[in-house]
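Below: the structure, in structure tokens.
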2 protein chains.
Amino acid sequence: MLKLTKRTEYGLIALTHLAQRQGEVVPAREIGDRYPIPRRLLAEVLKDLCNADLVASTRGAHGGYALVRPAQELSLGEIVSALEGAPTVSSCGDGDLLHGEHSCDVQSICPIRSPLVEIKDKIWQMMLTTSLASLAQPHKPYRPLASQTQVNGSVKSSIESP
Amino acid sequence: MLKLTKRTEYGLIALTHLAQRQGEVVPAREIGDRYPIPRRLLAEVLKDLCNADLVASTRGAHGGYALVRPAQELSLGEIVSALEGAPTVSSCGDGDLLHGEHSCDVQSICPIRSPLVEIKDKIWQMMLTTSLASLAQPHKPYRPLASQTQVNGSVKSSIESP
DNA sequence: ATTATCGGCACTACTTGAGTGCGGATTGAT
DNA sequence: ATCAATCCGCACTCAAGTAGTGCCGATAAT
Ligand code: SF4
Ligand code: SF4
């Protein structure tokens with residue numbers, strides 16, 4: 001199901017918090033103190049972010065975490081990628097078929113492989129061009145990608161017939 | 001992890017096959033005959049598509065399935081929605097908070113809820129405006145969304161600094 | 001009657017995700 | 001030197017979702 005993991009969401013929350021205190025070293029306790037996130041899990045996530053070099057850690061008494069780059073230069077894509085790997089959409093990566101991992105039997109004759117890779121790229125591109133800063137701003141102006149009519153509950157196609 | 005289920009992929013493959021024989025009634029056996037998909041699973045998926053009124057079924061000896069609408073008017077969004085529910089991105093739906101399901105403790109003060117809903121809408125919008133027909137065309141021209149540098153292994157952000 | 005097809009229910013095995021436990025290492029304050 | 005606050009690392013349990021299967025009944029053409 002097309003959904004982010006909770007770890008990623010917690011990571012994003014933590015990062016927005018760090019973004020607000022840009023430059024400062026913030027202990028994990030403070031974050032877990034403000035948001036009802038399982039502390040232990042939060043630590044785990046921050047560790048992952050640290051391993052991915054998105055935040056820097058300082059140990060010891062007055063230790064904590066800090067963004068390694070300003071929030072404007074941190075992309076959602078990087079964060080997601082660090083916490084749960086890049087989006088895949090299809091079960092077979094976009095790896096050059098014929099080599100390596102035969103994750104799917106259909107692969108050689110799959111009619112939807114290539115189109116799905118395109119969709120993945122679009123999603124991925126969107127995430128790479130979305131900065132943490134724009135996430136942190138509570139009510140940002142909303143810059144639509146294309147014509148953006150509100151879409152919610154009921155599903156009825158509205159495709160431009162070519 | 002941001003990925004479609006295999007059921008959905010199988011459904012898409014089946015639908016592209018039906019699209020090629022638009023108007024005809026095609027038995028599930030034929031599809032499972034062309035693609036190495038577990039037959040039994042394929043049947044399950046087609047059943048779901050039938051329940052969602054995306055395909056019509058005919059029972060009996062010369063029975064089978066047929067698209068209920070031309071492929072140009074069938075959106076990827078509808079298909080995904082029928083097979084695994086609409087994309088959610090965040091664990092909490094976009095349901096009006098304060099009511100109903102408290103799927104997440106952070107909900108009331110979550111700083112990323114609203115931004116994630118926006119992203120979900122963009123993805124959703126993309127899927128709603130992508131027709132089955134465009135998926136079925138084997139090698140379509142590839143229309144990039146923006147500057148599309150290949151993104152794979154290593155992730156380095158490339159955000160336009162505003 | 002026979003055969004090919006869909007329909008429905010329920011079931012198992014596997015993978016992933018959420019969340020936890022515990023002890024150790026580092027650093028600053030006393 | 002001691003203590004307290006913090007990060008670090010590994011491994012573990014439990015729940016949920018996904019992949020895939022079995023079986024038999026209902027329809028309808030021949
Ligand atoms: S080959 Fe086709 S079906 Fe198999 S995983 Fe890739 S896209 Fe999905
Ligand atoms: S409230 Fe925030 S953290 Fe909880 S699910 Fe919704 S978006 Fe994710």
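Proteins come first, then strands; the chains are lettered A, B, ... in the order of their sequence lines, and each starts at number 1. All values below were derived from every heavy atom in this structure, side-chain atoms included, with hydrogens, water molecules and symmetry-related copies excluded.
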So, OP1 or OP2 of [N]: does either fall under 4.0 Å of a side-chain N or O from [X]?
X     : N      : result
A/S57 : D/dC8  : yes
B/Y65 : C/dG7  : yes
B/R7  : D/dA19 : no
B/R59 : C/dG7  : no
B/Y10 : D/dA19 : no

Expressed as a whole number of angstroms, how long is the span from [X]:[atom1] to [N]:[atom2]?
X     : N      : atom1 : atom2 : answer
B/D48 : C/dG8  : CG    : C1'   : 12 Å
A/L83 : C/dG19 : CG    : P     : 14 Å
A/K6  : D/dC14 : NZ    : P     : 21 Å
B/K3  : D/dG17 : NZ    : P     : 16 Å
B/D53 : C/dG7  : CG    : P     : 12 Å
A/L42 : C/dA18 : CG    : C1'   : 14 Å
B/E44 : D/dT18 : CD    : P     : 14 Å
B/I37 : D/dG20 : CD1   : P     : 10 Å

[options]: which one has an atom nearest the side-chain heavy atoms of [X]?
X     : options                : answer
A/C50 : C/dA18, D/dC8, C/dC6   : D/dC8
A/A61 : C/dT27, C/dG19, C/dA18 : C/dT27
B/N51 : C/dG8, C/dT5, D/dG20   : C/dG8
B/L41 : C/dG19, D/dG20, D/dC7  : D/dG20
B/R29 : C/dA10, C/dT5, C/dT20  : C/dT5
A/P27 : C/dT20, D/dT6, D/dG20  : D/dT6

Check this for me: A/R34, atom CZ, are more than 12 non-hydrogen atoms of other residues, nucleotides or ligands nearer than 6.0 Å?
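No - once you tally the heavy atoms of other residues, nucleotides and ligands closer than 6.0 Å, there are 12 at most.
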What distance do [X] atom [atom1] and [Y] atom [atom2] have between them, rounded to the nearest 0.5 Å?
X     : Y     : atom1 : atom2 : answer
B/L4  : B/L12 : CG    : CG    : 7.5 Å
A/L49 : A/R7  : CG    : CZ    : 9.5 Å
A/S75 : A/R69 : OG    : CZ    : 7.5 Å

Please figure out whether A/H62 or A/T5 has its closest DNA chain C nucleotide nearer the 5' end.
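Here A/T5 is the residue nearer the 5' end.
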Could you tell me whether the side chains of A/E9 and B/S91 share a donor-acceptor contact shorter than 3.5 Å?
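A pair is found: one side chain offers a donor N or O, the other an acceptor, under 3.5 Å apart.
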Can a donor-acceptor pair be found between the side chains of B/T8 and B/E84 at a distance below 3.5 Å?
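Looking only at side-chain atoms, B/E84 and B/T8 do form a donor-acceptor pair, the distance falling under 3.5 Å.
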What is the nucleic acid contact for B/A28, judged by heavy atoms within less than 4.0 Å: base, sugar-phosphate only, or nothing?
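Sugar-phosphate, no base atom in range.
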If you find the nucleotide of DNA chain D closest to A/G63 and the one closest to A/M1, which residue's nucleotide is nearer the 5' end?
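So the residue in question is A/G63.
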